[in-house]
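What follows is one structure encoded as structure tokens, with my remarks underneath.
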Amino acid sequence: MTASWIVFIIASCVLIGVGAWSNLKIKKASASGDSGEGFLLGAKQVGAFIGAGTLMATGYSGWGFIGSPGTAYAYGTIEILANFFYAPGIVFGTLWFANYMRKQAEKHGGLTVPEYLAVTHRGTHNQRRVVHFFAGLATFVFLSVYMIGQIRAVGLVASEWLGISEELSSIMLMLIIVIFTMQGGLLAVAVTDTIMCVGMVIAAIFVFVYIVKDVSIVELFARVGEMNPEFLNPTTSIPYGDGQYSVFLVFVYALLFTITLPYMSVRFLSLKEDIKVHRMSMLMAIIGVILSLIPFVGIYMYYENPGGLANPDSAMPVFLNNYMPPGLTAIITLFILFAMLSTISSVLQSLAAALSYDMFVSIANRNSKYGDLFNRLAVVITAILGMFLTYVAPQGMLNQIAYIGTGGLIASFVGPTVMHVFVEADLRTCFVSMLVGFIANIVLAFGTDAGWVEAPIIAGLAGAIVYFVMGYVTNGMCCKVEEVKPSENIT
């Protein structure tokens, strides 16, 4: 048995152990409260350090270590600039919205983001069911797309590290994810995220130090500029948009990504009541700066092997296996691999919650005695679905797949999430806003040449305008209907 396999088995046992420990915490919470809150919100035990780790690990990982260097290899230094806007967007989104969403969830109820949207808007019992179901369905559809890219990324890295096929490595790793996610829910996901985030930071530092020891950044940029002037001084922001300054929209995208995507913003609902969000955000900022160095790998690989990689997403694996010392390669690959697992587990947990809780609760009984069992079984079902979609869906760059999946949810949820701060609209307004954002994003993403970040931002803006106008018109003027207090459970 090789050293890689030994390290892999030990790390896998640690993850499963975290799942078992988290399960004990959930059982303790279930004995004195809501078992759903234990599994879906980690018993609200997420503090500043764990919060920072889980948010940054989930925000980066698969696309950060594989997709981002691949995009840098394919498009140049525009990806480095994009990364340095991405981290501040996550930090500002957390500073702005973490406490707000946590307090709103405490006031109105809501164990998931789709339910949060349903219970924080006024309306009838049936309207609330419709919004809850539609939001859960949108979450399930778009995160299924997003998970495809994550599974492909982890299969690509693990296959080269362990010397097995991508299909076998993906299946094996998904089995590990299913085991510890079924055991510990969001708490297990958050703790393992944080462990892996520490590894990601260490890996980013090692990789960047190796590059600058081999060639200075000035020389690296100069040589790449000689080989391809567009790489160094791009006249557009492709793939993020045709305009030269469209890359600046990455900051807006990352901010919306943090506060609207269910697998990110659900962390806000799981925070401890006495958490200091500014301290958590400071930790996130430090982590973000370090992780923003990762795209330099793509530039370095272009410098060493211009146009020689058939698949740009292989830039990081090829770099590790050909340019780093074997021992260091094994350690860094482990960090990268399990960091990607953290995001898959986050997405898987949100997908399972959308299937077993959001769509189920909107048409059935929240207080069903089988609710906790459904939550756990849904993890298995969504994992199998994710593996199936991974190998039947069209191939594409991992970053592109990620932006299509997350962009659809951002466009759908930005109106009712962000504009609700300014206008207390009803459920009809919430539903129409989500529908407009949903349709607009599909049209822009597949029917126009809009960039990866342009389409969801423009579509989200359309949904936000609809929400603001309809909310302003109907606020206090809507028809007299029987309303359900936001704190009442859907039954």
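Of the options Asp358, Leu269, Thr139, a side chain to side chain contact (heavy atoms under 4.5 Å, CB included) to Pro262 is made by Thr139 and by none of the others. Here the rule is side chain to side chain contact (heavy atoms under 4.5 Å, CB included) with Val178, and of Val379, Ile384, Thr382 only Val379 fits it. Partner Phe85 forms a ring-ring contact (aromatic ring centres under 6.0 Å, His included) with one of Tyr253, Phe257, Phe248 and no other, that one being Phe248.
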Take Met470 and Val473, measure what side chain to side chain contact (heavy atoms under 4.5 Å, CB included) needs, and give me the verdict at the end. CA-CA 5 Å; Met470 281 190 65; Val473 170; 5.8 Å; no

CA sep, side-chain torsions, deciding dist, call: Val266, Thr112, side chain to side chain contact (heavy atoms under 4.5 Å, CB included): CA-CA 6 Å; Val266 72; Thr112 64; 5.5 Å; no

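Shown here for Arg128 and Ala118, the closest heavy-atom pair between the two residues is NE-O, 2.9 Å. Of all the heavy atoms in Ser68 and Pro295, the pair that sits closest is OG-CG, 3.2 Å. The minimum heavy-atom distance between Ala135 and Leu117, with the atom names listed, is CB-CD1, 4.4 Å. Closest of all the heavy-atom pairs between Met56 and Cys197 is CB-SG, 4.2 Å. In terms of heavy atoms, Ile90 sits closest to Gly59 at CD1-CA, 4.3 Å. Closest heavy-atom contact between Pro69 and Ile294: CG-CG2, 3.7 Å.
Summarising the geometry, atom OG1 belonging to Thr417 is positioned 9.5 Å from atom CG belonging to Leu261; distances are rounded to the nearest 0.5 Å. The structure places CD1 of Ile344 at 11.5 Å from CG of Leu351, a figure rounded to the nearest 0.5 Å. Leu256 CG to Met264 CE: the interatomic distance, rounded to the nearest 0.5 Å, is 12.0 Å. The CZ atom of Phe422 lies 15.5 Å from the OH atom of Tyr472; values are rounded to the nearest 0.5 Å. Separation of atoms CZ (Phe413) and SG (Cys430) is listed at 8.5 Å; rounding is to 0.5 Å. Put simply, CD1 on Ile176 and CD1 on Ile171 are 12.5 Å apart, with the number rounded to the nearest 0.5 Å.
Here Glu230 pairs with nothing under the salt bridge (charged side-chain N to carboxylate O under 4.0 Å, His left out) rule; sequence neighbours left out. Partners of Asn233 under the side chain to side chain donor-acceptor pair (under 3.5 Å) rule, at least two apart in sequence or in another chain, do not exist in this structure. Every residue meeting the side chain to side chain donor-acceptor pair (under 3.5 Å) condition with Ser170, not counting sequence neighbours, appears here in chain and number order: Tyr391. Phe97 pairs by the ring pair (Phe, Tyr, Trp, His ring centres under 6.0 Å) definition with Tyr100, not counting sequence neighbours. Tyr467 is linked by a side chain to side chain donor-acceptor pair (under 3.5 Å) to His121, His420, counting only residues two or more places apart in sequence or in another chain. When the ring pair (Phe, Tyr, Trp, His ring centres under 6.0 Å) test is applied to Phe268, no partner is found at least two apart in sequence or on another chain. Tyr73 meets the ring pair (Phe, Tyr, Trp, His ring centres under 6.0 Å) test with Tyr302; sequence neighbours excluded. Residues meeting the side chain to side chain donor-acceptor pair (under 3.5 Å) test with Thr236, sequence neighbours left out: none. Partners of Phe92 according to the ring pair (Phe, Tyr, Trp, His ring centres under 6.0 Å) rule, which considers only residues two or more places apart in sequence or in another chain, are Phe251.
Ile50 has its side chain out of reach of Lys272: every pair of non-hydrogen atoms, C-beta onward, lies at least 4.5 Å apart. Side-chain atoms of Val189 and Thr181, non-hydrogen and from C-beta on, do get closer than 4.5 Å to each other. Residues Asp426 and Thr429 form a side-chain contact, since some pair of their non-hydrogen atoms from C-beta on lies under 4.5 Å apart. Contact of the Leu444 side chain with the Glu454 side chain is not registered, since no non-hydrogen atoms from C-beta on lie closer than 4.5 Å.
Side-chain atoms of Thr120 come within 3.5 Å of backbone atoms of Tyr116 as a donor-acceptor pair (strictly under, hydrogens ignored). Between the side chain of Arg122 and the backbone N or O of Glu424, at least one donor-acceptor pair lies under 3.5 Å. Between the side chain of Ser433 and the main chain of Gly463, a donor-acceptor pair closer than 3.5 Å is present. With hydrogens and angles ignored, the 3.5 Å screen pairs no side-chain donor or acceptor of Thr58 with any backbone N or O of Leu55. Looking only at distances, no side-chain donor or acceptor of Thr77 sits under 3.5 Å from a matching main-chain atom of Ile80. Under the 3.5 Å distance criterion, the side-chain polar atoms of Ser292 are matched with a main-chain donor or acceptor of Asn83.
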Could you pull out every donor-acceptor pair under 3.5 Å between side chains of residues 280-291 and any protein atom, sequence neighbours left out?
residue : atom : partner : partner atom : Å
Ser281  : OG   : Val277  : O            : 3.0

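Counting only residues at least two apart or on different chains, no salt bridge (charged side-chain N to carboxylate O under 4.0 Å, His left out) pair has a member in residues 274-284. Pairs passing the salt bridge (charged side-chain N to carboxylate O under 4.0 Å, His left out) check and including a residue from residues 243-271, sequence neighbours excluded, read Asp193-Arg267.
Aromatic ring centres of Tyr86 and Tyr60 lie closer together than 6.0 Å.
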